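Written out below as structure tokens is the structure these notes cover.
Note: hydrogens, waters and symmetry copies are ignored here, and every other heavy atom, side chains too, is used. Note that the coordinates shown come from a computational prediction; the quantities given were computed from them, not determined experimentally. By convention in this document, chain letters (A, B, ...) are assigned in the order of the sequence lines, proteins followed by strands, and residues within each chain are numbered from 1.
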2 protein chains.
Amino acid sequence: MTKRKFTKANVDDTVELVYNYITEYIKTNGFSPTVRDLCKGTGIRSTSTIHAHLKRLRDSGRIDMEAGKRRALTIAAFEQQKVDHIPLVGRVAAGVPILAEENIDSYLPVPAAFYTEPEHMFALEITGDSMIGAGILNGDYVFVKKQAGADYGDIVVALIDDEATVKTLAREQGRTVLKPENPSYKTIPFDQEGCLILGVVRGVWRAHV
Amino acid sequence: MTKRKFTKANVDDTVELVYNYITEYIKTNGFSPTVRDLCKGTGIRSTSTIHAHLKRLRDSGRIDMEAGKRRALTIAAFEQQKVDHIPLVGRVAAGVPILAEENIDSYLPVPAAFYTEPEHMFALEITGDSMIGAGILNGDYVFVKKQAGADYGDIVVALIDDEATVKTLAREQGRTVLKPENPSYKTIPFDQEGCLILGVVRGVWRAHV
DNA sequence: AGGAAAAACGAACTATTGTTTGACGAACAA
DNA sequence: TTGTTCGTCAAACAATAGTTCGTTTTTCCT
């Protein structure tokens, strides 16, 4: 009687097993598993077998690993799905830079792929329904790129007499105005005195309860 | 002449230096730095000094570390800002489970704090303007919790004759209907034949170009 | 000035962990 | 059946990296 010492499963399946355990491990622990962790996690008994599978995963571009480095496996796909944390601005204090520490309530994670310069972004919670026509509702979060100028048609965050407001920047009858997207609100003349553009809306997030 | 071999800076400042380098390193590399990496990064020459600072950071609850484990530092604050990646469903193939592999285009990162069960979520890109009244525009992404039932008033993703659509579930004149939030679209009767609720919209994301 | 405490240093120690090697078993084709 | 290939295994090797220890330097207090 020959004793069955191991089973030789389909390689692709085993590689998948290893890959899944890596992602799972990183997700729960926050750092990469070791070769021996993968042994325990997958039931594979030899470190060299894991090693071979890791090479396959690296060669197919699914993971990144540096030779010799411990716990240095990273999921290649995460690169595209990188996340930045941008500040959520609660109140806009008068005379204080928008991103000053006292303004920042917390940080929200945002897909980095959506923006080229996430370090210049901030988020703002919408109060009121003046922008309903643009699909921006009360309670929504807008993600704003900080910049002093904007184009006509852009939805901007502006400071008017020490109050922050979100409106569409437009040109009407020869004047630059801040236009609400709701007929029951009045268009605000944008005269340079006391008016300041803080940034341009680049994204909207709404959570349904 | 006494040779100045090292300067003894304020401990808090040095701890901060170490902490910042850890976050920076993890952000760029995807895995934790080693004690010796931190030496190079901070200019501190002794591994034991770094070790002492790491203990301080752990004791003050700012980082997590397990004794003996290599490259296993994690930033404690990241815990609260955890991100889940939920599948972006491109097409909805007839007769195939919504989360089947062939439906999934890619994955989007979403703040885990927003949902209790991110593993049951999927995302869908909106085509058309039938939900303008609810602030859901063409090109928006909706984040959907997968469930077979829903309440009246919920915005649902439903399958009607093998086509996925996003509408408000409502009751009108004694019948259950799928109601568009746009007067130029017709209300769709929700008869059980060929009609299926795939999930309920929990979030909306819009990126302004 | 003298001494204690705190912080940094350098070197040695330890062990976790990546890597290599050679052998064995299973699957498959000739 | 027989040989080849490939996946797995066990064990040993090598080295990266966590930890400890005793000393030196700086700061601060008396």
Side-chain angles (χ1 to χ4, degrees), chain A residues 1-22 25-26 29-60 62-75, chain B residues 1-22 25-26 29-60 62-75:
Chain A
M1 170 188 176
T2 50
K3 191 176 172 189
R4 188 184 187 85
K5 293 184 72 182
F6 64 86
T7 52
K8 187 175 165 185
N10 180 359
V11 197
D12 293 339
D13 290 347
T14 315
V15 168
E16 213 59 28
L17 195 65
V18 173
Y19 180 82
N20 287 337
Y21 191 78
I22 295 173
Y25 191 101
I26 293 180
N29 292 289
F31 48 85
S32 159
T34 65
V35 173
R36 283 167 182 81
D37 287 334
L38 289 168
C39 279
K40 285 177 195 161
T42 58
I44 291 170
R45 277 178 283 188
S46 175
T47 55
S48 66
T49 302
I50 296 290
H51 202 251
H53 286 309
L54 290 181
K55 275 180 184 162
R56 289 189 188 97
L57 283 169
R58 186 197 48 196
D59 290 346
S60 59
R62 301 182 65 190
I63 67 170
D64 286 327
M65 57 189 277
E66 268 184 75
K69 274 204 166 57
R70 286 100 213 273
R71 293 190 185 278
L73 305 177
T74 50
I75 304 298
Chain B
M1 171 187 176
T2 51
K3 192 178 172 188
R4 188 183 189 86
K5 292 186 73 182
F6 65 86
T7 53
K8 187 176 166 185
N10 181 359
V11 196
D12 293 339
D13 290 348
T14 316
V15 168
E16 214 58 27
L17 195 66
V18 172
Y19 181 83
N20 288 337
Y21 192 78
I22 295 172
Y25 191 101
I26 292 181
N29 293 289
F31 48 83
S32 160
T34 65
V35 172
R36 284 168 181 80
D37 287 334
L38 288 168
C39 278
K40 285 177 195 161
T42 59
I44 292 171
R45 278 177 281 187
S46 175
T47 55
S48 65
T49 302
I50 297 290
H51 201 251
H53 286 309
L54 290 181
K55 275 180 183 162
R56 290 189 188 99
L57 283 168
R58 185 197 50 195
D59 291 344
S60 59
R62 302 181 65 191
I63 66 170
D64 287 326
M65 57 187 277
E66 267 183 77
K69 276 204 164 61
R70 287 99 212 276
R71 292 190 187 279
L73 304 177
T74 51
I75 303 298

Minimum side-chain heavy-atom gap A/S32-A/T74 below 4.5 Å: no
Ignoring backbone atoms, test whether [X] places a side-chain nitrogen or oxygen under 4.0 Å from the OP1 or OP2 oxygen of [N].
X: A/K55; N: C/dG18; result: no
X: A/R45; N: D/dT8; result: no
X: B/H51; N: D/dA17; result: no
X: B/T49; N: C/dC9; result: yes

Would you mind reading off the distance between [X] atom [atom1] and [N] atom [atom2], rounded to a whole angstrom?
X: B/H53; N: C/dA7; atom1: NE2; atom2: C1'; value: 7 Å
X: A/I22; N: C/dG18; atom1: CD1; atom2: P; value: 11 Å
X: B/F31; N: C/dG18; atom1: CZ; atom2: C1'; value: 14 Å
X: B/L73; N: D/dG18; atom1: CG; atom2: P; value: 7 Å
X: A/R71; N: D/dT16; atom1: CZ; atom2: C1'; value: 13 Å
X: A/L38; N: D/dT8; atom1: CG; atom2: C1'; value: 16 Å

Going by the rule side-chain hydrogen bond (donor to acceptor under 3.5 Å, both in side chains), which residues pair with B/S46 if we only count those two or more places apart in sequence or in a different chain? B/S48
Sequence neighbours excluded, the answer for side-chain contact (heavy atoms from CB on, under 4.5 Å) partners of B/N29 is B/Y25, B/F31
Residues that A/L17 engages under side-chain contact (heavy atoms from CB on, under 4.5 Å), provided they are two or more places apart: A/T42
Using the closest heavy atom to pick a nucleotide of DNA chain D for each, name whichever of A/A52 or B/A67 lands nearer the 5' end. A/A52
With A/R71, which residues qualify under salt bridge (Lys or Arg N to Asp or Glu O under 4.0 Å), at least two apart? A/D37
Of all residues at least two apart in sequence or in a different chain, which pass the salt bridge (Lys or Arg N to Asp or Glu O under 4.0 Å) check with B/K40? none
Report each atom pair, protein N/O against N/O of nucleotides 11-14 of chain C, whose distance is under 3.5 angstrom.
residue: C/dA11; atom: N6; partner: B/T47; partner atom: OG1; Å: 3.4

